[in-house]
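Remarks on the structure that follows.
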Amino acid sequence: MGFPTHRPRRLRASEALRRMVRETELSAGHLIYPLFVTQEKKGKSEITSMPGQYRLSIPELLKETTEAARLGIPAVILFGIPKTKDDYGSAACDPRGVVPQAIRAIKEKTPDLLVITDVCIDEYTSHGHCGVVKEGKILNDETLEILSKMALAHAEAGADMIAPSDMMDGRVRTLRKTLDENGQTEIPILSYAAKYASCFYAPFRDAAQSAPQFGDRKSYQMDAANRREAIREVALDIEEGADIVMVKPALPYLDIIREVKDTFNVPVAAYQVSGEFSMIKAAAQKGWIDETRAMIESLLSIRRAGADMILTYFAKEMAHISGEKR
Ligand code: PBG
């Protein structure tokens, strides 16, 4: 036999062959589109650190959700930016608050588009933390009560799924219990199970005006150095009743996505967070990388690592491309 014995390049010779042997699929059906909604009556304002992403009034939000549905994106996730913030994030629990209003409007216009809501009070607190603060400490159990009210307000407004992102201990069990006791047994919980204390959330905090006013989130979000702890966090959330578990951020934590996927039998979500999005945008604006190719390659790597679904600000752009021929 001639040299070399093996020629893997044979199967890379044409696009048709490459398509036939492609292992990972990336299509609109895998994407969840995060959207920021405000209480403004009309209009939208661009988020400086996230080009092409906006804080949306409800009329503008409906344009986005209608477009997402048309592109075949199955779900959006909503983040509310309330008019008023206070120490307890009270606006988060208001049944007529920004997110419940947005849910009703979306469900009326596009009933088949799934509406997921982020359950966490950082966008609603004056101090920007994800929990109740006392003497500089973030209180766990006191926060769970507020999260319960918030989740219920979303469910009763018609949310299809709730996604707690606060990283308080015991929140999945608490929320499941509250939902069940109030007749919301069919609403799944997508838990931000392994959420790291990451610098890559910075543009989001700019968008939601939710940067902590003192200290950081390291007493509740995970340490970037830890792998086994992520498995423990995910195991606890599944035991407490999570239907889908999330790893966040995505690209710097592909190893965690893979390990969660291999260890558990529930669907895995990954969040390509604001900083991951904005880095690609910024480099592309400088002409240093090709935006579309960087988007596809990063999303593909997240799917390849084992994510069943990806929360990404590129959802529309990606769905648009995958609807065409790739
Ligand atoms: C908390 C929450 C955050 C993000 C999603 N949910 C912010 C944080 O933990 O500081 C970040 C998402 C992103 O960066 O795109 N409500």
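Model, not experiment: these values are computed from the prediction. Numbers for residues simply follow the sequence, beginning at 1. Just follow the structure's listing: the first ligand is 1, and inside any ligand the first atom is 1.
In this structure, K44 forms a cation-pi arrangement with Y54, its terminal cationic atom sitting closer than 6.0 Å to the ring centre and no more than 45° off the ring axis.
Ligand-side atoms of ligand 1 in range of C120: 1 (C), 16 (N), range being under 4.0 angstrom from any heavy atom. Numbered from 1 in the order shown, with element, the atoms of ligand 1 that lie under 4.0 Å from a heavy atom of R217 read 8 (C), 9 (O), 10 (O). Shown in contact with K195 at under 4.0 Å from a heavy atom are these atoms of ligand 1, numbered in order with element: 1 (C), 2 (C), 3 (C), 6 (N), 8 (C), 9 (O). Per-residue contacts place S165 under 4.0 angstrom from the following atoms of ligand 1 (heavy atoms of the residue considered): 1 (C), 2 (C), 6 (N), 16 (N).
Counting heavy atoms under 4.0 Å from ligand 1, residue D166 does not touch it at all. Proximity of Y313 to ligand 1, defined as any heavy-atom pair under 4.0 Å, is confined to the side chain (atoms from C-beta onward). Residue contacts with ligand 1 for D122 involve side-chain atoms from C-beta outward but no N, CA, C or O (heavy atoms, distance under 4.0 Å).
Under 3.5 Å, the side chains of T185 and D180 contain no donor-acceptor pair of N or O atoms.
Applying the salt bridge (Lys or Arg N to Asp or Glu O under 4.0 Å) criterion to D206, with sequence neighbours excluded, gives no partner residue.
Ranking protein heavy atoms by distance to atom 14 (O) of ligand 1, first place goes to S274 OG, 2.7 Å. Of the protein's non-hydrogen atoms, the one nearest atom 11 (C) of ligand 1 is K248 NZ, 3.0 Å.
When side chains are defined from C-beta on, I77 does not count as touching M161, because their heavy atoms never get closer than 4.5 Å. Side-chain contact between L190 and I162 is absent, with no heavy-atom pair separated by less than 4.5 Å. The shortest side-chain heavy-atom distance between E240 and R176 does not fall under the 4.5 Å cut-off.
A distance of 7.0 Å separates CG in D118 from OH in Y271, rounded to the nearest 0.5 Å.
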